[in-house]
Amino acid sequence: MSEIIKASWNKYLLLLQLHPLRTKAITSGVLIGSSDIIAQKIIGVKKLQFRRVLLLMLYGLLYSGPFGHFFHKLMDLIFKGKKGNDTVAKKVLLEQLTSSPWNNMFFMVYYGLVVEGRPWGSVKSKVRNDYPSVQLTAWKFWPIVGWINYQYMPLQFRVLFHSIVASCWAIFLNLRARSVAIKKA
């Protein structure tokens with residue numbers, strides 16, 4: 001079994017080197033889809049919602065994987081050759097003030113319009129009501145992830161690391177949303 005895992009990891013590393021954007025996009029899509037399947041199972045969905053899984057995989061494939069790929073390359077260009085805790089702190093701060101608010105807003109709009117199929121007015125209202133608390137919660141959690149990512153992860157693994165943590169975060173958010181719905185019922 002360990003030989004299969006080792007061979008798979010080596011193949012992944014080769015693909016990451018040969019086709020970094022494609023590999024990160026596919027990885028992001030697979031991880032977000034997997035996290036949604038796990039979340040659906042944990043919250044007790046009787047029949048798996050494949051449309052939802054596919055639309056979330058599409059989000060990872062077409063948006064979050066490519067965005068992460070180019071964002072981390074840009075961060076390395078901006079801070080080219082600079083190392084140390086001050087640089088890591090600046091990267092985390094820049095990420096939290098730019099991509100974090102944008103990505104949370106974009107995901108909420110995508111989820112409402114595309115995944116749930118709600119009309120724009122309803123999505124706009126939900127974003128207006130929920131976005132501040134979502135972003136404040138993100139600012140409590142994601143800076144730690146960003147610090148680990150910039151301090152310890154090589155550039156080629158940053159999207160993978162971020163996607164793995166985001167998958168766990170998505171499961172947590174699904175469970176939290178369910179517990180809030182149960183309390184309101």
Check the pair T87, Y150 against side-chain contact (heavy atoms from CB on, under 4.5 Å), reporting the backbone distance first and the verdict last.
CA-CA 9 Å; T87 300; Y150 291 118; over 6 Å; no
Exercise. Do L62 and V114 sit in the same hydrophobic cluster, where Ile, Leu, Val, Met, Phe, Trp and Tyr count as joined when their side-chain heavy atoms come under 4.5 Å apart?
Worked result: yes
*asked:* Donor-acceptor pair, distance only, cut-off 3.5 Å: does the side chain of R158 make one with the backbone of M153?
replied: yes
Here the side chain to side chain donor-acceptor pair (under 3.5 Å) pairs for residues 2-17, sequence neighbours left out, are Y12-T27
Verify same cluster id: W142, L97 (apolar side-chain graph, 4.5 Å): no
Could you give me the CA-CA distance, side-chain angles and deciding distance for T137 and W169, then say whether side-chain contact (heavy atoms from CB on, under 4.5 Å) is met? CA-CA 11 Å; T137 303; W169 180 250; 3.7 Å; yes
Nearest heavy-atom approach of L155 to K24 is O-NZ, 4.4 Å
inquiry  = Can you confirm whether the side chains of S100 and E95 place a donor and an acceptor under 3.5 Å from each other?
reply    = no
message: If hydrophobic clusters are built from ILVMFWY residues whose side chains come within less than 4.5 Å, do F106 and Y111 share one?
response: yes
- Is there a chain of hydrophobic side chains (I, L, V, M, F, W, Y, each step under 4.5 Å between heavy atoms) that links L58 to L113? yes
Problem set entry | Pairwise side-chain contact, Q40 with V53, heavy-atom cut-off 4.5 Å (strictly under) | yes
Before giving the answer on side-chain contact (heavy atoms from CB on, under 4.5 Å), spell out for L160 and L31 the whole-Å C-alpha distance, their side-chain angles and the decisive distance to 0.1 Å.
CA-CA 9 Å; L160 174 63; L31 286 171; 4.2 Å; yes
Separation between CG (L74) and CG (L94), nearest 0.5 Å, reads 8.0 Å
Q. Do D76 and K82 sit within salt-bridge range, that is, some charged N less than 4.0 Å from a carboxylate O?
A. no
Contacts of F70 meeting ring-ring contact (aromatic ring centres under 6.0 Å, His included) (sequence neighbours excluded), chain-then-number -> none
Between P66 and L21, the two heavy atoms sitting closest are CA-CD1, 3.7 Å
In terms of heavy-atom contacts, A170 and S35 come closest through CB-OG, 3.8 Å
Could you walk me through whether F67 and F71 pass the ring-ring contact (aromatic ring centres under 6.0 Å, His included) check? CA-CA 6 Å; F67 181 91; F71 182 78; 5.8 Å; yes
- prompt: Would you say the side chain of W139 lies within less than 4.5 Å of the side chain of L136, judging by non-hydrogen atoms?
  reply: yes
Looking only at heavy atoms, the pair that brings V92 and G146 closest together is CG2-C, 3.6 Å
In this structure, CZ of R51 is separated from CG of L55 (nearest 0.5 Å) by 4.5 Å
Separation between OG (S163) and CD1 (I32), nearest 0.5 Å, reads 8.5 Å
Q. Can L16 be reached from L14 by stepping across I, L, V, M, F, W or Y side chains whose heavy atoms are under 4.5 Å apart?
A. no
Query - More than 12 heavy atoms of other groups within 6.0 Å of Y152 OH - result: no
Listing, residues 117-129 side-chain donor-acceptor contacts under 3.5 Å, not counting sequence neighbours, or none:
unit_1	atom_1	unit_2	atom_2	d
R118	NE	E116	OE1	2.6
R118	NH1	S122	OG	3.0
R118	NH2	E116	OE1	2.8
K126	NZ	D130	OD2	2.5
N129	ND2	S125	O	3.3

H72 and N149 have their tightest heavy-atom pair at CE1-ND2, 3.9 Å
Residues at least two apart in sequence or cross-chain that pass side chain to side chain contact (heavy atoms under 4.5 Å, CB included) with N85, listed by chain then number, are W147, Q151
Taken to the nearest 0.5 Å, the spacing of S99 OG from M75 CE works out to 7.0 Å
For P20 and H69, the nearest pair of non-hydrogen atoms, with its separation, is CB-CE1, 3.9 Å
dist I26:CD1 -> L15:CG (nearest 0.5 Å) comes out at 8.0 Å
To the nearest 0.5 Å, atom CG of N104 lies from atom OH of Y131 at 6.0 Å
With sequence neighbours left out, the residues meeting ring-ring contact (aromatic ring centres under 6.0 Å, His included) with Y59 are Y63, F107, Y110
Salt bridge (charged side-chain N to carboxylate O under 4.0 Å, His left out) filter on R22, not counting sequence neighbours, yields none
>> Check this for me, if you would: do D86 and K91 make a salt bridge, where the nitrogen-to-carboxylate-oxygen distance has to be below 4.0 angstrom?
In response: no
